[in-house]
Amino acid sequence: MIEVRIEREGRYRYRIPRHGAMRVDAIFYASPAIARDLEAEGGQALQQLVNVATLPGIAAPAVALPDIHWGYGFPIGGVAAFDPRKGGVVSPGGVGFDINCGVRLLCSDLTRDDLEPRKEALADALFRLVPAGVGSERRELRIGAADWPHLLTRGARWAVERGLGDPDDLEFIESTGALPGAEPDRVSARALERGGSQLGTLGSGNHFLEVQYVEHVYDPEAAEVFGLFPGQVTVLIHTGSRGLGHQVCQDSVDRMLAAARRHGIELPDRQLAAAPIESPEGQAYLGAMAAAANFAFANRQVITAYAREAFARVFGPGSSRLRVLYDLAHNNAKWEEHGGRRVLVHRKGATRAFGPGHPDVPAPYRAVGQPVLVPGDMGRYSYVLAGTAGAMAETFGSSCHGAGRRLSRSQAKKVARKNDAVAALKRQGILVRAATRATVDEEIPEAYKDVADVVEAVEGAGLGRRVARLRPLIVVKG
DNA sequence: ATGTTC
């Protein structure tokens, strides 16, 4: 059980006052039920949040969102900003292994009624055109030595320049589809080898491509600005930087531990290994991380092109253009200005959620706020929220990123074996196409918390505003 | 998350 004082500051907001080696307070957001679960889990995720608050140069407060759970060093569902002028650090554990993992939402011109008669055909076409599973490859796009520097610095734009997508897509991607500061030379040969044939693939685990429909609109005005209407068919893509990003993280871990020692950084947990932002080790990681991030942006762009191809084959060319509503990342470290300070914001399993009027929100959405895409599980629903002024004031412009697991993978498999998960979903009108049965079993709806509870806490705390709820029709998984 | 333990 966690040995710290927790102060409840509101229905959805809790504070862990600075104590011991903490340099700042920690804040977490939770519904009463989620707060009980966090305690019941022995406070492990909250202890990780406390550990983060001890790192040099952290800007107050260390933040956790309602989908917080235990992760590598830093909790998943956490936000930590560091001030370079106060010895602030960068930590690979604060970004996560799947660098720039994120979600992209596409909007069709079709309705659920248009889709229903061709649902099986569309599921088959998507599964054929979008490789999924551990080690999945798209060999026809194998990246050669001459392409790497361009791909890793230009991100989604690289794909668009090769005819994979529309130039108009880029405006609706966070950071317009490329993090600045990428240094391709910092990415190891091994990382390039792993990623070389994986561009345009989903991967495994909780990654997916879903076809959905707009089941409910909470805010008609915001929905109209985002281009959403009831019954509309949408496509949600959740994937990251595959083996390339994983290897970049792996490569950095040992080096960062040595760097922490060299710079005299005391670590309550080795997995918090960090180096000063301005140090050679910190700069090397940031250059490689941005390159991996750009691979992830390109990955979602290429998958978009193939999803469009699948729709064209099933519904006819030009029948539905699949506009990019938004593409966001939930695992990275970015330079941003908050409270008049330039800070390096680590988001690990947390979504950037800039509020109305922020210049980094695409102009057509700026009056409403940034779209915040929150995937749930494959049997229930996902949410579209809008960023708020509250998030800007309290969480460095951040919100939640998903439901969070409630069963371990092995527990989920046991539950799934009892009732045929694919058949159960089919009875609810949800078609599943998966590379392996095991992944589906690990990802059954029962394995996840109800994302509605997470979203309730986020909205109740003023960190996001519900715009629409999306219900799955087709799920493509590893 | 991950060529699911180089």
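Worth saying up front: this structure is predicted, and the values here are computed from it rather than measured. Protein chains get the first letters and strands the later ones, always in sequence-line order, with residue 1 at the start of each.
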**Q** Rounded off to whole Å, could you give me the CD-to-C1' distance for the A:Gln198 and B:dT2 pair?
**A**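 Result: 9 Å.
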**Q** Rounded to the nearest angstrom, tell me the gap between atom NZ in A:Lys477 and atom P in B:dT4.
**A**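 So the two atoms are 18 Å apart, to the nearest Å.
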**Q** When you check the gap from the basic side-chain N to the acidic O, do A:Arg409 and A:Glu443 get nearer than 4.0 Å?
**A**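 Here A:Arg409 pairs with A:Glu443 in a salt bridge, since their nearest N and O are under 4.0 Å apart.
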**Q** How would you label the contact of A:Glu193 with the nucleic acid (heavy atoms, under 4.0 Å): base, sugar-phosphate, or nothing?
**A**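 No contact.
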**Q** Between A:Val134 and A:His207, which is nearer to the 5' end of DNA chain B once each is assigned its nearest nucleotide?
**A**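 It is A:His207 whose nearest nucleotide is closer to the 5' end.
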**Q** So what does A:Arg242 touch, heavy atoms closer than 4.0 Å: a base, only the sugar-phosphate, or nothing?
**A**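 Touches sugar-phosphate only.
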**Q** Using the six-membered ring wherever Trp is involved, compare the ring planes of A:His401 and A:His69 and label them parallel, tilted or perpendicular (cut-offs 30° and 60°).
**A**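 Because their plane-to-plane angle is under 30°, the rings of A:His401 and A:His69 count as parallel.
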**Q** Return yes if a side-chain donor-acceptor contact under 3.5 Å exists between A:Thr239 and A:Arg300, otherwise no.
**A**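 No - no donor-acceptor pair under 3.5 Å links their side chains.
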**Q** Just how far, in rounded Å, is P of B:dT4 from CG of A:Leu202?
**A**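 Going from A:Leu202 (CG) to B:dT4 (P), I get 18 Å.
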**Q** A:Gly205 near the nucleic acid: base, sugar-phosphate alone, or nothing, with a heavy-atom cut-off under 4.0 Å?
**A**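 If one applies the 4.0 Å heavy-atom cut-off, A:Gly205 turns out to touch the sugar-phosphate alone, with no base involved.
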**Q** Whole-Å distance between B:dT2 C1' and A:Glu443 CD?
**A**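 Going from A:Glu443 (CD) to B:dT2 (C1'), I get 14 Å.
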**Q** Nearest-Å distance, CG (A:Asn100) to P (B:dT2)?
**A**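 Rounded to whole Å, this separation is 14 Å.
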**Q** Between A:Arg437 and A:Asp441, does any NZ, NE, NH1 or NH2 come within less than 4.0 Å of an OD or OE carboxylate oxygen?
**A**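 A salt bridge links A:Asp441 with A:Arg437.
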**Q** Hey, which of these two, A:Arg190 or A:Arg409, hits DNA chain B nearer its 5' end, going by closest nucleotide?
**A**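 The residue whose closest nucleotide sits nearer the 5' end is A:Arg409.
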**Q** If I take atom CD in residue A:Gln250 and atom P in nucleotide B:dC6, what distance separates them, rounded to the nearest angstrom?
**A**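 Rounding to the nearest Å, CD of A:Gln250 and P of B:dC6 are 9 Å apart.
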**Q** Separation of A:Gln247 atom CD from B:dT4 atom C1', in whole Å?
**A**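 Rounding to the nearest Å, CD of A:Gln247 and C1' of B:dT4 are 15 Å apart.
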**Q** Just the rounded figure in Å: distance from P of B:dT5 to NE2 of A:His246.
**A**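 Distance, rounded to whole Å: 9 Å.
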**Q** What is the nucleic acid contact for A:Ser204, judged by heavy atoms within less than 4.0 Å: base, sugar-phosphate only, or nothing?
**A**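 Here A:Ser204 touches the backbone only, sparing every base.
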**Q** Would you mind checking if A:Arg142 and A:Glu193 are paired as a salt bridge, meaning a charged N to carboxylate O distance below 4.0 Å?
**A**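 Answer for the salt bridge query: yes.
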